[in-house]
J.: 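The structure follows.
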Amino acid sequence: TTPTHPHIHTRTHGRMSDSVSREKKKTNRNDHVNSSDSKNSSRSNKSVHADDDESGSGKESPLDEGPLQGKLIAELMTEHGKMKVGDAWFLVSMAWWTQWTVYAEYGDGIEEKQRDSPAKLRGSGVMSDISPAPGKIRNSSLCEQGTVELAKDLQLGSDFILVPEVVWKQLHSWYGGGPSFERIVIADGERNGEPYLRVEVYPLHLRMILLRRQKS
């Protein structure tokens, strides 16, 4: 029979145990690193999603690309520009609208921009025909002084223009501002056999006074 050598077996087993132990430690370290990387990756992904959410919740529009805005609004006006009874339309200050049309090269704004080109000479001596963005919608010029109520006797086409609700919401999502003046489309008789629709800018307000008969 072959003689056994317990001390050799024990030493070999000890080396194997040490080797296994080192492998386990190495594996644990790798697991720790992978776990750390996974957590960092998770935090990074959350940060990206948070940025995506933040960018999506505010101004989604290309504020530095006026002509693209003009194209988008033109499409909305074509699709929603026909009045229907009960639809909501909004007033927009003519001063702000004119500045926006020049910036966005929308409608008459294209001709206005061409008349002003080449643009004014800058202090640096460089010529530029880039129109500035109009900033927040400024409807305060439509308000009674010291209030947020619509002023009396305003004229369509000189003091304000009217836009359908979807256009107002798009412009407001880009620029903010206000105040907003929502008015409803009504049928006002007929013209040429067709219902005449208009936006009731100044709705009729009736005040009812209850008089009680006094006993004699």
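Along the sequence shown, residues carry numbers from 1. Just so it is clear, the values below take in all heavy atoms, side chains as well, and ignore hydrogens, waters and symmetry mates. It should be emphasised that the depicted structure is a prediction, and the values quoted were computed from it without experimental measurement.
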J.: Using side chain to side chain contact (heavy atoms under 4.5 Å, CB included), reason through Leu91 and Leu162 one step at a time and then give a plain yes or no.
T.: CA-CA 5 Å; Leu91 283 72; Leu162 290 163; 3.7 Å; yes
J.: So, do Val201 and Phe181 sit near enough that their side-chain heavy atoms are less than 4.5 Å apart?
T.: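 They are not in side-chain contact.
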J.: Taking it one step at a time, do Leu154 and Leu142 satisfy side chain to side chain contact (heavy atoms under 4.5 Å, CB included)?
T.: CA-CA 8 Å; Leu154 296 176; Leu142 306 180; 3.9 Å; yes
J.: Can a donor-acceptor pair be found, under 3.5 Å and without considering hydrogens, that links the side chain of Asn139 to the backbone of Ser93?
T.: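 A pair under 3.5 Å: yes.
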J.: Do Ile137 and Leu171 pass the side chain to side chain contact (heavy atoms under 4.5 Å, CB included) test, and can you show the C-alpha distance, the side-chain angles, and the key distance before you say yes or no?
T.: CA-CA 8 Å; Ile137 299 173; Leu171 291 171; 4.2 Å; yes
J.: For His172 and Gly177, indicate whether the former's side chain and the latter's backbone hold a donor-acceptor pair under 3.5 Å.
T.: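 Judged by distance alone, yes, a pair lies under 3.5 Å.
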J.: Check for a donor-acceptor pair, side chain of Thr147 on one end and backbone N or O of Glu144 on the other, with a separation under 3.5 Å.
T.: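 Answer holds: yes.
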J.: I need the minimum non-hydrogen distance between Lys136 and Tyr175, along with the two atoms involved.
T.: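 The pair with the smallest heavy-atom distance is CG-O, 3.3 Å.
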J.: List the atom of Gln99, the atom of Pro134, and the distance in Å for their closest heavy-atom pair.
T.: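 Heavy-atom minimum between the residues: NE2-CA, 3.4 Å.
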J.: Are the aromatic ring centres of Tyr106 and Trp97 under 6.0 angstrom apart?
T.: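 Ring-ring flag for Tyr106/Trp97: true, centres closer than 6.0 Å.
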J.: Please check if the side chain of Trp96 supplies one atom and the backbone of Gly135 the other of a donor-acceptor pair under 3.5 Å.
T.: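 Indeed, once roles are kept as given, a pair shorter than 3.5 Å links the two residues.
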J.: Can you name the closest pair of heavy atoms from Trp89 and Gly81 and give their distance?
T.: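 Smallest heavy-atom distance, with atoms named: CH2-O, 3.4 Å.
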J.: I'd like to know whether CD of Gln145 has more than 12 heavy-atom contacts from other residues, nucleotides or ligands below 6.0 angstrom.
T.: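 12 or below, so no.
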J.: Would Val85 and Val199 show up in the same hydrophobic cluster when neighbours are defined by side-chain heavy atoms closer than 4.5 Å?
T.: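 Per the 4.5 Å side-chain linkage, Val85 and Val199 are co-clustered.
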J.: Any chance the side chains of Trp100 and Gln69 put a donor and an acceptor closer than 3.5 Å?
T.: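 Checked: Trp100/Gln69 side chains pair up, N/O donor to acceptor below 3.5 Å.
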J.: Does Glu149 have more than 12 heavy atoms from other residues, nucleotides or ligands lying within 6.0 Å of its CD?
T.: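 No - once you tally the heavy atoms of other residues, nucleotides and ligands closer than 6.0 Å, there are 12 at most.
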J.: Might you point out which heavy atoms bring Arg198 and Asp188 nearest each other, and give the distance in Å?
T.: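 Residues Arg198 and Asp188, closest heavy atoms: NE-OD2, 2.8 Å.
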J.: Of the non-hydrogen atoms in Arg183 and Leu150, which two are nearest, and what is the gap between them?
T.: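 The pair with the smallest heavy-atom distance is NH2-CD2, 3.6 Å.
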J.: Is Tyr202 reaching over with its side chain to a backbone N or O of Asp153, donor-acceptor style, under 3.5 angstrom?
T.: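 Yes, the answer is positive, given that a donor and an acceptor are paired below the 3.5 Å cut-off.
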J.: With distance as the sole test, does Asp159 use its side chain to make a donor-acceptor pair with the main-chain N or O of Gln155 at under 3.5 Å?
T.: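 Looks like yes, one N/O pair under 3.5 Å.
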J.: Side chains of Val167 and Ile73: closer than 4.5 Å at any heavy-atom pair?
T.: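 Yes. Closest side-chain heavy atoms under 4.5 Å.
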J.: Closest heavy-atom contact between Thr101 and Thr98?
T.: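 The answer is OG1-O, 2.7 Å.
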J.: Step by step, would you call Ile184 with Glu200 a side chain to side chain contact (heavy atoms under 4.5 Å, CB included)?
T.: CA-CA 6 Å; Ile184 303 301; Glu200 193 175 27; 5.9 Å; no
J.: Assigning hydrophobic clusters by single linkage (Ile, Leu, Val, Met, Phe, Trp, Tyr; side-chain heavy-atom cutoff under 4.5 Å), is Met83 placed with Trp168?
T.: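 As far as the 4.5 Å side-chain criterion goes, Trp168 and Met83 are not connected within one cluster.
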J.: If you define the side chain from C-beta out and look only at heavy atoms, does anything of Phe90 sit under 4.5 Å from Glu182?
T.: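 Yes. Closest side-chain heavy atoms under 4.5 Å.
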J.: Using a distance-only test with no angle check, is there a side-chain donor-acceptor pair under 3.5 angstrom linking Gln170 and Ser173?
T.: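 Side chains of Gln170 and Ser173: pair found under 3.5 Å.
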J.: For Glu165, enumerate each residue passing the side chain to side chain donor-acceptor pair (under 3.5 Å) test, keeping only those at least two apart in sequence or located in another chain.
T.: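 Result, side chain to side chain donor-acceptor pair (under 3.5 Å) vs Glu165: Lys169.
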J.: For Ser140, give me all partners under side chain to side chain donor-acceptor pair (under 3.5 Å), at least two apart in sequence or on another chain.
T.: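 Side chain to side chain donor-acceptor pair (under 3.5 Å) list for Ser140, sorted by chain: empty.
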